[in-house]
Amino acid sequence: DLQMVQRVTYKIGDEELILETGRLAKQANGAVYAQFGGSAVIATACASGTAQEGLDFVPVTVDYNEKYYAAGKIPGGFIKREGRPKDKEILVSRLIDRPMRPLFDVAFGREIQIVPTCISSDQVNPPDILAVIAASAAVTISDIPFNGPVAAVRVGYVDGEYVLNPTYEQIEKGDLEIVVAGTADGFTMVEGGANEVSEELMLGALAKAEEFIREMCKLQNELKALAGKEKLPLAPSTVTLENKEAIEAEAMPLLQVACYEKTKFARHDGIAKVKADIAAKYAEQLEDDMQKKLFNALFDDMEYKILRTGILERGQRVDGRGLEDIRPISCEIDVLPRPHGSAIFTRGETQSLAVATLGTTLDEQIYDDIDGDRREHFILHYNFPPYSVGEVGRLGTGRREIGHGNLARRSLEPMVPSREAFPYTIRVVSEIMESNGSSSMASVCGGTLCMLAAGVPMKKPVAGIAMGLITEGDNYEKYAILSDILGEEDHLGDMDFKVAGTVDGITGFQMDIKIAGVTTEIMTKALDQAKRGRLHILGIMNQTIAKPAEKVSEYAPKIETMKIPVDKIGALIGPGGKTVKALCAQYNVTINTDDDGTVTIYGKNGKSTDGAKLAVKGIVEDPEVGTIYNGTVKRIMDFGAFIEILPGKEGLCHISKLSKTRVEKVTDVVKEGQQIPVKLLEIDRMGRLNLSYVDALEAQK
């Protein structure tokens, strides 16, 4: 049976990329095993047996999944079976779905499911790019009609050089990490983060990606030539809308007015009224389901035409703005009494309530996945409840929330201080209160405001903006770039892209392109216009808060870090952890010690943290001759007093050294529990400490 196995290979650096079919999952409509280095993915594509006529969308689902055994691991926790999809698997599923979805034909009418599974991971080469190529190859060689293939590539920028498909280590070191997907005609999707890179550098990365994508599409076509199946027929709908011209002639002028009402709801209601009035006239015809579907589709089509023409011919946007105008923005901070930091960012009809919470190392997000174990001290969650668009629906975290939250997190992350600079774990939650046009970019702006309000020393503020593109003509002779797009403009545009960054460069980037081969000229202009928009928004945000609050909220935990000599770690921890446990209990704090001698103390408030810090100092510091200590009288003898100068370290202050004048009885000058300043005179051969009383003036010096 192995005669059936077909494979193609492509050399990248020292490794070969292998695509193979005919060995695994032979009952699927298409299956491709892809391997690069020690990472491997098996992707399958299946279609349901029956077609549905007149669908207005492509019923395709992508379920990327990763197996722990791929990396030689057993799942953590009680349940030793892979559970519900992790955020990372959902993000990779979106990465595959977005470039492929537009290339299926609606007329195919069957449900399609693509399942890429990562079954081997070397923890050097990320499996997601392999998954995109394998998924596309599985559909390309199957009998499912597909206008592909598509491919993807990750582009890094390390030490001044672009790197294609960097390893995890290179990604970590680099200033840029974007994933570009596309067809042989050009890219259709870009997504990634960067460390304040310029627009030019971003464009350079896109140019680098194009060639590799073309090569990968060629490789898939080679496999198709060897093992491709004959494509199944499409089931195009033969029904047409009756009275189409009459309906169009009547509706067009009415829609011209309704489409340009000032607010989202006024437009919505206006269009609905025109539609209802005309539907009433043709009620008999519309009793037929198919006619009703075509009637609705015609209205969408007319709206699409009106709005695009308005923009291209008159520069007129839905809400009356100019192409580059940004809707009114307002920023407020400290809007909630108890959270550590809060802000409301409103731009037009989009609003984010953003809240920052400060926690300790114990609150870090631990990722137990096949990329190796990671911990994150910056977390961002994005919620999009149905009321934000005035609808009813179920609350929950869908794929969209995870995708948008990830983009916002990536955009802010380069400007979040390191653990060393700010020892807190930071969680930002963006609650979308209202939405019409990029809520992910509003989350970036709100996230910056609430972190600054919480006293997080961000390197620089970050803002984001969503842009649109509308083109006409074969070579896009006519085009318009729109700043700060509305929901409606998102649907009718040929490209939408979101750019987030600081005054000095881009930190987050996402782009969806619905047309082939957008020119570099258009891209350059679009990025330039996005930059102007971003700077405008940053200017407004800076008027509300431009620098982090002086101190963190009184409700936030108090964290202190200090360095101790590595050879003193044992003394601090004590036998079986006894010493450190006692300190934690005494001061009601948590103490964490790293191997390099970094001690972090977390307390519910400042007093407990400061007390614990002094105690740690006492344990790890050796008494120094000549140093003045604030000692505590522990025991009184006839010949002097034993005084504790550091926790657990006592010395004797002889009666002759207790005062400048002669002392009859020790109890005349000191009593137990009293605090007095003493100087360490000497440490004798036996290690005993000899002390002398110093007066307040000398102690101050």
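Atoms considered below: every heavy atom in the structure, side chains included; atoms not considered: hydrogens, waters and symmetry mates. Given the structure is predicted, the values throughout are model-derived calculations rather than measurements.
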Start with the C-alpha gap between I18 and F36, add the side-chain angles, then the distance that decides, and say whether side-chain contact (heavy atoms from CB on, under 4.5 Å) holds.
CA-CA 7 Å; I18 300 164; F36 181 72; over 6 Å; no
Give a yes or no answer on whether the side chain of [X] reaches the backbone of [Y] with a donor-acceptor pair at less than 3.5 Å.
X: K231; Y: S142; answer: yes
X: E230; Y: D143; answer: no
X: S439; Y: A442; answer: no
X: D122; Y: G38; answer: yes
X: E489; Y: L486; answer: yes
X: Q291; Y: E242; answer: yes

Could you give the distance from [atom1] ([X]) to [atom2] ([Y]), rounded to the nearest 0.5 Å?
X: K305; Y: L492; atom1: NZ; atom2: CG; value: 13.5 Å
X: D494; Y: Y476; atom1: CG; atom2: OH; value: 7.5 Å
X: L17; Y: Q35; atom1: CG; atom2: CD; value: 9.0 Å

Pair I114-T44, side-chain contact (heavy atoms from CB on, under 4.5 Å): steps then yes or no:
CA-CA 6 Å; I114 299 166; T44 59; over 6 Å; no
Around atom [atom1] of [X], are there more than 12 heavy atoms from other residues, nucleotides or ligands closer than 6.0 Å?
X: K244; atom1: NZ; answer: no
X: E111; atom1: CD; answer: no
X: K514; atom1: NZ; answer: yes
X: K86; atom1: NZ; answer: yes
X: E169; atom1: CD; answer: no
X: Q365; atom1: CD; answer: yes
X: E172; atom1: CD; answer: no

Which word best sums up how the rings of F384 and Y382 line up, parallel for under 30°, tilted for 30 to 60°, or perpendicular for over 60°?
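Parallel, since the angle between the ring planes stays under 30°.
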Please walk me through it: do D63 and Q113 pass side-chain hydrogen bond (donor to acceptor under 3.5 Å, both in side chains)?
CA-CA 8 Å; D63 293 300; Q113 187 184 28; 3.2 Å; yes
Any Lys/Arg nitrogen of K173 or E161 sitting under 4.0 Å from an Asp/Glu carboxylate oxygen of the other?
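Salt bridge absent between K173 and E161.
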Taking only Lys NZ, Arg NE, NH1 and NH2, and the carboxylate oxygens of Asp or Glu, determine whether K88 and D371 approach each other closer than 4.0 Å.
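Yes, charged N to carboxylate O under 4.0 Å.
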Side-chain contact, heavy-atom cut-off 4.5 Å: [X] with [Y]?
X: D128; Y: L95; value: yes
X: L298; Y: N296; value: no
X: L469; Y: T471; value: yes
X: E472; Y: E477; value: no
X: V32; Y: I141; value: yes
X: E20; Y: R23; value: yes

Do you see a donor-acceptor pair shorter than 3.5 Å between the side chains of [X] and [Y]?
X: E199; Y: T524; value: no
X: S435; Y: S388; value: no
X: S483; Y: Q529; value: yes
X: Y168; Y: Q170; value: no
X: S39; Y: N125; value: no
X: E521; Y: Y479; value: yes

Per-pair distances, 0.1 Å, donor-acceptor, side chain in residues 200-218, under 3.5 Å, sequence neighbours excluded:
| from | atom 1 | to | atom 2 | distance (Å) |
| --- | --- | --- | --- | --- |
| E200 | OE1 | S198 | OG | 3.4 |

Closest heavy-atom contact between [X] and [Y]?
X: V150; Y: P99; result: CG1-O, 3.9 Å
X: A31; Y: A25; result: CB-O, 3.5 Å
X: F509; Y: I506; result: CB-CG2, 4.4 Å
X: T507; Y: S411; result: OG1-O, 2.7 Å
X: I370; Y: P127; result: CD1-CG, 4.5 Å
X: A227; Y: T21; result: CB-CG2, 3.6 Å

Selection residues 175-195 - residue pairs positive for side-chain hydrogen bond (donor to acceptor under 3.5 Å, both in side chains), sequence neighbours left out
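Matches after skipping sequence neighbours: R98-E191, R154-E177, E177-R410, E191-Q510.
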Is there a side-chain hydrogen bond (donor to acceptor under 3.5 Å, both in side chains) between T350 and N436 once you walk through the steps?
CA-CA 5 Å; T350 296; N436 181 13; 5.9 Å; no
Start with the C-alpha distance between D512 and R94, add both sets of side-chain angles, then the distance that settles salt bridge (charged side-chain N to carboxylate O under 4.0 Å, His left out), and finish with yes or no.
CA-CA 12 Å; D512 279 312; R94 280 173 63 91; over 6 Å; no
Where do S136 and Q220 land on the side-chain hydrogen bond (donor to acceptor under 3.5 Å, both in side chains) test, with the steps shown first?
CA-CA 8 Å; S136 165; Q220 294 176 50; 2.6 Å; yes
Write out all pairs satisfying salt bridge (charged side-chain N to carboxylate O under 4.0 Å, His left out) with one or both partners inside residues 35-49, taking only residues at least two apart or from two chains.
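Qualifying pairs, neighbours excluded: none.
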Is it the case that R375 places NZ or CZ above or below the six-membered ring of Y367, under 6.0 angstrom from the centre and within 45 degrees of the axis?
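Pair R375/Y367 does not count as cation-pi.
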Under the rule for side-chain contact (heavy atoms from CB on, under 4.5 Å), what residues qualify as partners of N221, not counting sequence neighbours?
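So N221 forms a side-chain contact (heavy atoms from CB on, under 4.5 Å) with T140, P149, K224.
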Chi angles and distances behind the side-chain contact (heavy atoms from CB on, under 4.5 Å) call for I90, R400:
CA-CA 9 Å; I90 286 169; R400 190 175 167 281; over 6 Å; no
Checking K73 against D368 for the salt bridge (charged side-chain N to carboxylate O under 4.0 Å, His left out) test, could you report, in this order, the C-alpha distance in whole Å, the side-chain angles of both residues, the deciding distance, and whether it holds?
CA-CA 10 Å; K73 286 172 70 170; D368 170 33; 3.3 Å; yes
Evaluate D87 against N406 for side-chain contact (heavy atoms from CB on, under 4.5 Å), listing each step before the verdict.
CA-CA 9 Å; D87 286 7; N406 180 56; over 6 Å; no
Listed by chain and number, what are the salt bridge (Lys or Arg N to Asp or Glu O under 4.0 Å) partners of D288, not counting sequence neighbours?
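If we apply the salt bridge (Lys or Arg N to Asp or Glu O under 4.0 Å) test to D288, skipping adjacent residues, there are no hits.
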Residues 102-110, side-chain donor-acceptor partners within the protein, below 3.5 Å, at least two apart:
| from | atom 1 | to | atom 2 | distance (Å) |
| --- | --- | --- | --- | --- |
| D105 | OD1 | A107 | N | 2.9 |
| R110 | NH1 | S48 | O | 3.3 |
| R110 | NH1 | G49 | O | 3.3 |

